[in-house]
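The block underneath contains the structure these notes are about, expressed in structure tokens.
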Amino acid sequence: MKKNGVISFLVVLSFALCFSNCINPMPIDLSTPFSSAHATPTPRAFGALAVQRGINLGNALDAPTPGEWGVSIQPCYFEAIRSAGFDSVRLPVRFSAHAAKSPPYTLDPTFVALVDETLQPALAAGLIVILDLHHYEEIMDDPAGQRQRFLAIWQQLAGHYQGAPENLYFEILNEPVKHLDAAAWNDLIAEVVPLIRLSNPQRVLIIGGADYNSISALDALQLPDDDRLVVTFHFYEPFKFTHQGAGWVQGSHEWNGTTWNGTDADKRLIEEHLDRAVAWSAQRQVPLLMGEFGSIITADPASRQRWTAFVARQAEKRNIPWLYWQFCSDFGVYDCQQQSWDTGLLQALIP
Ligand code: GLC
């Protein structure tokens with residue numbers, strides 16, 4: 001008993017020091033599967049999906065190599081996120097850049113260890129963590145050719161995180177697009193869900209529709225009979241406002257200066273989209289999640305605040321949990337260099 005007490009104290013102390021100094025925790029031993037002993041499991045009632053307000057930690061582990069897009073996740077960010085009132089984080093990870101190109105498609109253990117190091121303080125801070133397979137570009141170009149590799153990646157991840165606490169959720173694939181159309185995506189879902197269920201029978205799984213996880217693609221989405229699935233959609237309407245000047249959207253600099261004024265027509269457009277998602281969810285009896293919504297940092301701040309507050313409140317009114325895209329960087333609400341929030345935008349998210 002006494003020894004356990006001392007050990008618990010040391011664990012708590014090491015996390016406390018880690019948060020207060022904002023440094024990375026010690027690397028873990030990857031020869032064993034992810035262990036829940038590193039984190040505090042938080043019991044969650046699935047009935048009312050525990051995510052309410054969350055944030056995406058984009059541009060970090062979803063970059064081609066970690067840090068390449070200027071974001072390295074520090075354990076202290078999770079305390080900042082929790083203290084600000086968020087209950088969840090989505091962690092986009094480009095696992096496809098760290099898996100062998102030929103069978104058995106082994107994941108790079110050093111990279112998986114980095115993901116573990118990133119996850120552990122978030123789980124320990126009591127946050128729900130959505131581990132998201134992001135930017136798997138090869139599968140968008142060639143779904144058939146990548147099928148076995150995609151399944152092998154999930155088989156490895158499912159095995160590795162099998163013992164993780166239940167506040168770790170899996171999101172199967174971000175934004176299917178191009179050749180990964182609704183039909184090809186439905187085929188993959190039918191195969192990957194039972195595969196993950198072999199080792200993770202209870203874990204919450206998140207799946208979105210094709211066409212960049214759009215609301216309009218929900219109708220074509222086919223889901224296995226599984227009562228622990230949540231369906232996600234991404235919301236960036238009006239796109240010319242949210243993506244003005246986005247380097248990855250051709251011609252978007254022509255939209256620079258687009259404001260969002262919150263006229264009746266502006267609001268109606270957003271409400272209609274969300275109502276469509278809600279109608280789908282009611283008909284199919286599947287819980288919804290707005291897994292990404294946000295606007296680019298170069299848009300006018302007052303418009304960003306108006307749009308963000310309106311979308312967030314409208315989602316809440318419809319009982320749709322949301323995760324803002326994104327924490328820091330190009331759609332950000334936090335300055336990782338200064339370690340400070342954009343307080344106007346934060347207030348729009350969490351009044
Ligand atoms: C998607 C993309 C991400 C982008 C965001 C906003 O999540 O994967 O890279 O920043 O949408 O466009």
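First listed ligand is number 1; within each ligand, the first listed atom is number 1. The residues of the chain are indexed from 1 along the displayed sequence.
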Distance to 0.1 Å, residue and atom name: give those for the protein heavy atom nearest to atom 4 (C) of ligand 1.
Trp325 CZ2, 3.9 Å
For the student: nearest non-hydrogen atoms of Ala210 and Ala217, plus distance
O-CB, 3.1 Å
Near Glu292 (heavy-atom distance under 4.0 Å), the atoms of ligand 1 are 1 (C), 5 (C), 7 (O), 11 (O)
Going by the order shown, which atoms of ligand 1 are within less than 4.0 Å of some heavy atom of Tyr236?
5 (C), 6 (C), 11 (O)
Between Arg203 and Tyr169, is NZ or CZ placed under 6.0 angstrom from the six-membered ring centre and within 45° of the ring axis?
no
Using distance alone, decide if ligand 1 has a nitrogen or oxygen within less than 3.5 Å of any nitrogen or oxygen in Trp248.
yes
Working to the nearest 0.5 Å, report the span between CD1 of Ile207 and CG of Leu173.
10.0 Å
Those atoms of ligand 1 less than 4.0 Å from some heavy atom in His134
2 (C), 7 (O), 8 (O)
Side chains of Tyr161 and Asp116: any donor to acceptor distance under 3.5 Å?
yes
If you count the atoms of ligand 1 from 1 in the order shown, which ones are under 4.0 Å from a heavy atom of Asn174?
7 (O), 8 (O)
Can you confirm, on distance only, whether ligand 1 has an N/O atom lying under 3.5 Å from any N/O atom belonging to His243?
yes
Verify, without hydrogens or angle tests, whether Ser329 (side chain) and Asn59 (backbone) share a donor-acceptor contact under 3.5 angstrom.
no
Give every donor-acceptor pair under 3.5 Å between a side-chain atom in residues 236-243 and any protein atom, sequence neighbours left out.
from, atom 1, to, atom 2, distance (Å)
Tyr236, OH, Glu292, OE1, 2.6
Thr242, OG1, Tyr236, O, 2.9

